[in-house]
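Read the structure below first, then the notes.
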Amino acid sequence: MRITLTIILLVLFAESALLQVGGSRTYGFLNLTNSARVASLGGKNITIQDNDLNFIYHNPALLNSKMDQHLVLNYVNYFAGINYGFVSYAFHHDKLGPIAGGLHYVNYGRFTGTDPGGQFTGNFRASEYSLNLSWAYTIDSALTAGATFKQIFSFLESYSSYGIAFDLGANYYNRERQLSVSAVIRNLGVQVTPYYKGGVREPIPFEIMAGVTKKLEYAPFRFSFMLHHLENYNLYAQRASLLGISMQETRNKSTIGKLGAEFLSHVIVAAEFVPSQNFFVNLGYNYLRRQELKIEERVSTVGFSWGFGLKIKRFNVSFGRATYHVAGASSHFSISTDLSSFQNF
């Protein structure tokens, strides 16, 4: 009952936020997937409970006292010379409980500037940053709530902008059944300072997610089912319009077909093979990514992702590969450690 009430309150709290579609928001870098493990699980996961600090970026309710002195480093060599990453550190405060701080950044690289006539005006760079502070509160043995406060800085050539946002999450975890259920509101906030004086404040990438993860009792497999962009109940129709799918083709779909396409547009599924605490292999599938970025003549593995991780002495190292388009895929690298393990080294 408590987890149901918490999820309902989170959704109701978000009703006042703007509903948005892709391409109409600023600070889009907030949706980038940092962790190699999360990337291999389809790009988003808000439910896995195994003390991995990387998951706090997606759901602050997963933060717990066992992550005390944990450090994570992530790096992604993205497309067209773009690179980004995330670093985070967690500690346990005797009175406040578990707290984590982090920095999420993206470097867009170096650009050549020209005037309207095409004359060279100099080189410039572009980058964006988010300073995150997360906190979690244990309501009872199974239910946890969490929040992340973000300060957002954007620097694009001579223009700059500042914004603030919150992530609010809840997680129910049944240890006996190895069942985890979560709901998250991400990027609930505002652009405080527009890019130029007198400019209009642009919306930021608000999102509602829900998900469930279940580990099999007698087999080393864990399955995750995520629902993303729940704030947009008309995702399929909007995607069809953006991609230029004809209205006649849309009308030809039966009601069940439309409902099925709409539902699948919100779905991410993933599986983990976890034979031990020191090794895992992942596979994920993001339906929306596949439908948006595939080429009909050559669909290939667009929308699929995979990865693996292993523990080497005091370090957990993982790699993730996500296929966005037949033209290329992104490679993610993550390393984490428990700094307290070095105290007696």
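Throughout, residue positions are numbered sequentially from 1 according to the sequence presented. Just so it is clear, the model here is predicted, and its values are computed rather than measured.
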Q. Do Asp50 and Arg37 sit within salt-bridge range, that is, some charged N less than 4.0 Å from a carboxylate O?
A. yes
Residues two or more places apart in sequence or in another chain: which of them pass side-chain hydrogen bond (donor to acceptor under 3.5 Å, both in side chains) with [X]?
| X | value |
| --- | --- |
| Asn45 | Thr47, Ser224 |
| Ser180 | Asn171 |
| Tyr27 | Ser161 |
| His58 | none |

Contacts under 3.5 angstrom, residues 146-154 side chains, donor-acceptor by atom type, not counting sequence neighbours:
from, atom 1, to, atom 2, distance (Å)
Thr148, OG1, Ser134, OG, 2.7
Lys150, NZ, Asp167, OD1, 3.4
Lys150, NZ, Asp167, OD2, 3.0
Lys150, NZ, Asn187, OD1, 2.8
Gln151, OE1, Tyr162, OH, 2.9
Ser154, OG, Glu128, OE2, 2.8
Ser154, OG, Tyr195, OH, 2.7

(Q) Tell me every residue that passes salt bridge (charged side-chain N to carboxylate O under 4.0 Å, His left out) with Asp68, counting only those two or more places apart in sequence or in another chain. (A) none
Once side chain to side chain contact (heavy atoms under 4.5 Å, CB included) is applied, do any residues pair with [X], and if so which ones, sequence neighbours excluded?
| X | answer |
| --- | --- |
| Ala142 | Asp140, Tyr172 |
| Pro275 | Phe273, Phe279 |
| Phe263 | Phe225, Leu227, Val267 |
| Tyr218 | none |

Q) Hey, what else clusters with Phe280 if you join Ile, Leu, Val, Met, Phe, Trp, Tyr whenever side-chain heavy atoms sit under 4.5 Å? A) Val274
Q. So, Asn278 versus Ser276: side-chain donor-acceptor pair below 3.5 Å or not?
A. no
Q: Output every pair passing side-chain hydrogen bond (donor to acceptor under 3.5 Å, both in side chains) with a member in residues 73-94, not counting sequence neighbours, ordered by first then second residue.
A: Asn54-Asn74, Asn74-Ser334
Q: Indicate, with yes or no, if the rings of Phe155 and Phe29 have centres closer together than 6.0 Å.
A: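 No, they do not, as the ring centres are separated by 6.0 Å or more.
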Q. Is the distance between the ring centroids of Trp306 and Tyr285 less than 6.0 Å?
A. no
